[in-house]
Q: 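Questions regarding the structure given below will be posed in turn.
Since this is a predicted model, take the numbers as computed values, not measurements. Side chains are part of it too, since the values below use all heavy atoms of this structure and drop only hydrogens, waters and symmetry mates.
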Amino acid sequence: VALAFSWIHAGIDEIPVFPSFDPNITPGDRRYTEKYRPTFTPAGFISDSQNAYTFTLASSYRIPPEWWDLFGTTSFPPQFLMGLNLKRIAHLLADDKASGYGLDLGLLVHLPDLNAVIGATGFGGLSLGVYWQSQIAVSWKNRDIPISSSHQEVIPHQVRLGLAYLNQVWERQLLLLWTVIQSASISRNLPSRYRRQDRLGVEYQLSQRLALRIGCQNRRPTCGVGLQTTRSDALVLKIDYGLTSNDIVNTHFVSLIMLF
């Protein structure tokens, strides 16, 4: 059994707020009369802060080798990995606050040796995963407006399916990944970030320390690299970098994992 806690923060300060237009002044007045034109001087600044807190409980189960051997196999038996997330989302925009709670459930089935399962050679390993995310209703609280259903942002149910295939190519490890993210809602008015997403990726391990990655997300190219270094016998550092392309800007991801 494993326990974990994570905190994700995103925020920005000094967002300018401009005064609203005087409804008694027409667009024509602003166009032809200079004194009615806006100066674009901010009336003030606000900040935006978003936080996600997650508590994770995970466990795994491997089929006993003595039971797996009854099928006439000599490979590593299948492994089942299960996980649960309890989440709290908090959003602070100027004087308005919002919060919501959610639940995630995940299951991963790992077949390390397909050769033993199908009675063939050269087929490598396979992993199948399913992930369910509950609906989260984020309720906004304003000083002047009471909480009601009309002041909620609903994050719909989501189901994620994943498939990973691992094998040796040119004496190096090759990993193929395919993931589908589908909202459980059938509404056509869902924001684009909640609609179906297809992701496909390839990782080729050049050495025990270096891996190259390339793929696509909704037909947009992605790439990345992974580096593993050993600082001592009891400390291993893993550094991962990823790049995804978007309509406006590209997004860079950097992570550092320490194993000790």
Q: Name the one of Thr54, Thr56, Asp104 that satisfies side-chain hydrogen bond (donor to acceptor under 3.5 Å, both in side chains) with Lys87?
A: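 That would be Asp104.
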Q: A quick test of your reading: do over 12 heavy atoms of other residues, nucleotides or ligands sit less than 6.0 Å from OH of Tyr53?
A: yes
Q: Linking I/L/V/M/F/W/Y whenever any side-chain heavy atoms sit under 4.5 Å apart, do Tyr131 and Val109 land together?
A: no
Q: Decide if atom CH2 of Trp132 counts as having more than 12 heavy atoms of other residues, nucleotides or ligands within a radius under 6.0 Å.
A: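 Yes, the 6.0 Å shell around CH2 holds more than 12 heavy atoms from other groups.
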Q: Could you pull out all donor-acceptor pairs under 3.5 Å where a side-chain atom in residues 248-260 meets a protein atom, sequence neighbours excluded?
A:
unit_1, atom_1, unit_2, atom_2, d
Thr251, OG1, Asn246, ND2, 2.9
His252, ND1, Tyr241, OH, 2.7

Q: Any link between Ile89 and Phe5 through a network of hydrophobic side chains (Ile, Leu, Val, Met, Phe, Trp, Tyr) touching at under 4.5 Å?
A: no
Q: Would you confirm whether Thr222, through its side chain, and Gly215, through its main-chain N or O, come within 3.5 Å as a donor-acceptor pair?
A: yes
Q: Would you say that more than 12 heavy atoms from the other residues, nucleotides or ligands in this model lie under 6.0 Å from the CD1 of Ile214, or not?
A: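 No, the 6.0 Å shell around CD1 holds no more than 12 heavy atoms from other groups.
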Q: When clusters are formed by joining ILVMFWY residues with side-chain heavy atoms under 4.5 Å apart, either directly or through shared neighbours, do Val130 and Leu81 land in the same one?
A: no
Q: Starting from Tyr101 and following side-chain heavy-atom contacts under 4.5 Å between hydrophobic residues (I, L, V, M, F, W, Y), which residues can be reached?
A: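 Traced through the cluster, Tyr101 reaches no other member.
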Q: Below 4.5 Å, heavy atoms only, C-beta onward: do Leu163 and Leu126 meet side chain to side chain?
A: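 A side-chain contact under 4.5 Å exists here.
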Q: Is a donor on one side and an acceptor on the other found under 3.5 Å between the side chain of Tyr204 and the backbone of Val169?
A: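 Confirmed, Tyr204 side chain pairs with Val169 backbone.
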Q: Just verifying a value: how many Å separate Asn85 CG and Ser134 OG, rounded to the nearest 0.5 Å?
A: 10.0 Å
Q: Any side-chain heavy-atom pair from Val236 and Gln228 closer than 4.5 angstrom?
A: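 Of all side-chain heavy-atom pairs linking Gln228 with Val236, at least one is under 4.5 Å.
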Q: Check whether Leu107 and Leu86 end up in the same hydrophobic cluster, where Ile, Leu, Val, Met, Phe, Trp and Tyr are linked by side-chain heavy atoms less than 4.5 Å apart.
A: yes
Q: Hey, what do you get for CD1 (Ile8) to CG (Asn51), rounding to the nearest 0.5 Å?
A: 10.0 Å
Q: If I compare all heavy atoms of Leu175 with all of Ala164, which pair ends up nearest, and what's the gap?
A: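 Closest pair (atom of Leu175, atom of Ala164, distance): CD1-CB, 4.2 Å.
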Q: Counting C-beta onward and ignoring hydrogens, is there a side-chain heavy-atom pair between Val138 and Ile136 closer than 4.5 Å?
A: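 Touching, per the 4.5 Å side-chain cut-off.
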Q: Kindly say whether Gln50 contributes a backbone atom to a donor-acceptor pair with the side chain of His91 at under 3.5 angstrom?
A: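 No, because the side chain of His91 does not come within donor-acceptor range (under 3.5 Å) of the backbone of Gln50.
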Q: As an exercise, state the distance from CG of Leu161 to CG of Leu128, rounded to the nearest 0.5 Å.
A: 10.0 Å
Q: Would you find a donor on one side and an acceptor on the other, under 3.5 Å apart, between the side chain of Asn218 and the backbone of Asp198?
A: yes
Q: So with a 6.0 Å cut-off around OH of Tyr32, is the heavy-atom count from everything else above 12?
A: no
Q: Without swapping roles, check the side chain of Arg88 against the backbone of Gly100 for a donor-acceptor pair under 3.5 Å.
A: no
Q: First locate atom CG of Leu92, then atom OG of Ser47, and finally report the distance between them rounded to the nearest 0.5 Å.
A: 6.0 Å
Q: Do Gln173 and Gln168 come within less than 4.5 Å of each other through their side chains, counting heavy atoms only?
A: yes
Q: Which value, rounded to the nearest 0.5 Å, describes the distance between Arg37 atom CZ and Arg31 atom CZ?
A: 9.5 Å
Q: Give me the atom names and distance for the closest heavy-atom approach of Gly226 to Asp240.
A: CA-OD1, 3.5 Å
Q: Where is the tightest heavy-atom contact between Pro78 and Pro112, given as atom of each residue plus distance?
A: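 The answer is CA-CD, 4.1 Å.
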Q: Which pair of heavy atoms, one from His9 and one from Ser49, lies closest together, and at what distance?
A: CE1-OG, 3.3 Å
Q: Quick one: closest heavy-atom pair of Arg30 and Pro38, and the distance?
A: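 Scanning both residues, the minimum pair turns out to be CD-CD, 4.3 Å.
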Q: Closest approach of Gln79 and Arg62, non-hydrogen atoms and distance?
A: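 In this case the closest contact between Gln79 and Arg62 is OE1-NH2, 3.1 Å.
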Q: Say whether Leu108 and Val1 are linked into one hydrophobic cluster, either directly or through other cluster members, by side-chain heavy-atom distances under 4.5 angstrom.
A: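 Per the 4.5 Å side-chain linkage, Leu108 and Val1 are not co-clustered.
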Q: Rounded to the nearest 0.5 Å, how far apart are CG of Leu177 and OG of Ser127?
A: 9.0 Å
Q: Without placing hydrogens or testing angles, list every side-chain donor-acceptor pair under 3.5 Å for residues 12-26, not counting sequence neighbours.
A:
unit_1, atom_1, unit_2, atom_2, d
Asp22, OD1, Asn24, N, 2.9
Thr26, OG1, Asp29, N, 3.1
Thr26, OG1, Asp29, OD2, 3.1

